[in-house]
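Below is one structure, written out as structure tokens, with a few remarks after it.
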Amino acid sequence: VQLQASGGGLVQAGGSLRLSCAASGRTFSSYAMGWFRQAPGEDREFVAALIWSRERTYYTDSVKGRFTISRDKAKNMAYLQMNSLKPEDTAIYYCAAGGSSYVHRETDYDYWGQGTLVTVSS
């Protein structure tokens with residue numbers, strides 16, 4: 001599975017961005033798609049995940065109500081719609097795909113995209 005993340009950029013606080021993750025390869029063997037982020041000087045952290053088969057979603061508390069993860073099965077794409085962005089959302093965002101039934105840990109994922117930078121100015 002190859003993953004390509006895109007859609008990052010510079011946005012003012014309160015603005016919106018939509019990140020995209022294009023998947024190719026053996027996507028149907030993947031159980032979940034996830035988004036993680038890594039702020040400067042910080043560890044990479046879980047943001048959101050979607051279970052392909054059940055369309056069940058998970059979010060970290062800090063983004064609940066602001067971010068929405070979704071997918072387009074026909075296009076093998078996953079998305080992260082980010083609204084009401086805050087400066088603390090500034091990070092490199094990574095998409096990931098995995099075959100585990102768990103979704104919150106980096107080790108739950110087998111494949112990673114290269115990351116896309118999101119910068120939120122105050």
Side-chain angles (χ1 to χ4, degrees):
V1 176
Q2 292 79 45
L3 302 176
Q4 180 75 34
S6 62
L10 174 64
V11 64
Q12 288 188 332
S16 298
L17 282 174
R18 189 177 79 156
L19 305 184
S20 299
C21 181
S24 60
R26 297 176 57 194
T27 53
F28 293 108
S29 66
S30 296
Y31 187 76
M33 292 292 293
W35 287 95
F36 286 73
R37 66 186 179 186
Q38 186 168 22
E42 302 290 333
D43 293 333
R44 191 154 55 181
E45 65 171 355
F46 170 80
V47 176
L50 180 147
I51 304 293
W52 281 106
S53 60
R54 291 181 278 148
E55 296 198 45
R56 186 170 180 175
T57 58
Y58 302 84
Y59 298 95
T60 192
D61 286 346
S62 63
V63 308
K64 285 181 180 177
R66 300 189 298 122
F67 291 12
T68 303
I69 188 171
S70 63
R71 66 167 182 184
D72 184 325
K73 290 179 68 175
K75 296 181 179 179
N76 277 344
M77 296 286 293
Y79 304 98
L80 186 67
Q81 178 67 43
M82 306 186 296
N83 299 328
S84 302
L85 283 161
K86 304 175 181 180
E88 51 263 44
D89 294 318
T90 294
I92 299 173
Y93 284 71
Y94 299 89
C95 62
S100 171
S101 58
Y102 299 95
V103 299
H104 293 86
R105 306 168 301 183
E106 291 185 60
T107 53
D108 296 329
Y109 297 86
D110 304 306
Y111 306 99
W112 291 83
Q114 84 291 359
T116 185
L117 177 62
V118 172
T119 303
V120 184
S121 63
S122 57

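The figures here come from the full heavy-atom set of this structure, side chains too, leaving out hydrogens, waters and symmetry mates.
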Exercise. With hydrophobic residues grouped by side-chain heavy-atom distances under 4.5 Å, do Val120 and Val63 end up in a single group?
Worked result: yes
Exercise. Got a second to check how far Thr68's OG1 is from Leu50's CG, nearest 0.5 Å?
Worked result: 11.0 Å
Seminar exercise, completed: dist Thr60:OG1 -> Arg37:CZ (nearest 0.5 Å) comes out at 7.0 Å
For this session: Give the minimum heavy-atom separation between Ala91 and Ala39, together with the two atoms involved.
Result: CB-N, 3.7 Å
For this session: Measure the spacing between SG of Cys95 and CG of Leu19 and express it to the nearest 0.5 Å.
Result: 9.0 Å
Seminar exercise, completed: Here the gap from Glu42 atom CD to Ile92 atom CD1, rounded to the nearest 0.5 Å, amounts to 12.5 Å
Exercise. Is there a donor-acceptor pair closer than 3.5 Å between any side-chain N or O of Arg56 and the backbone N or O of Ile51?
Worked result: no
Seminar exercise, completed: Between Val47 and Tyr93 the two heavy atoms that sit nearest each other are CG2-CE2, 4.3 Å
Exercise. Should Phe46 and Ile69 be regarded as members of a common hydrophobic cluster, given that ILVMFWY residues are connected when their side-chain heavy atoms come within less than 4.5 Å of each other, either directly or indirectly?
Worked result: no
Problem set entry | Reported CD-to-OG distance for the pair Gln12 and Ser122, which is rounded to 0.5 angstrom | 9.5 Å
Exercise. Around atom CG of Asp72, are there more than 12 heavy atoms of other residues, nucleotides or ligands at under 6.0 Å?
Worked result: yes
Seminar exercise, completed: Nearest heavy-atom contact between Val103 and Ala49 is CB-CB, 3.7 Å
Problem set entry | Spacing of CG belonging to Leu80 relative to SG belonging to Cys21, to within rounding of 0.5 Å | 10.5 Å
Problem set entry | Sidechain-backbone polar pair: Gln114 side chain, Ala5 backbone, donor-acceptor under 3.5 Å | yes
Seminar exercise, completed: Going by chain and number, the hydrophobic cluster around Met77 (ILVMFWY, side chain to side chain under 4.5 Å) further includes Tyr79
Exercise. What is the minimum heavy-atom distance between Glu106 and Trp112, and which atoms define it?
Worked result: O-CZ2, 3.6 Å
Problem set entry | Minimum heavy-atom distance His104-Asp108, with the two atoms named | N-OD2, 3.2 Å
Problem set entry | Main-chain N/O of Trp35 paired to Tyr109 side chain as donor or acceptor, under 3.5 Å | no
Exercise. So if you build clusters from Ile, Leu, Val, Met, Phe, Trp, Tyr with side-chain heavy-atom gaps below 4.5 Å, do Leu10 and Leu85 land together?
Worked result: no
Exercise. Would you call Asp89 and Met82 a side-chain contact if the rule is heavy atoms closer than 4.5 Å?
Worked result: no
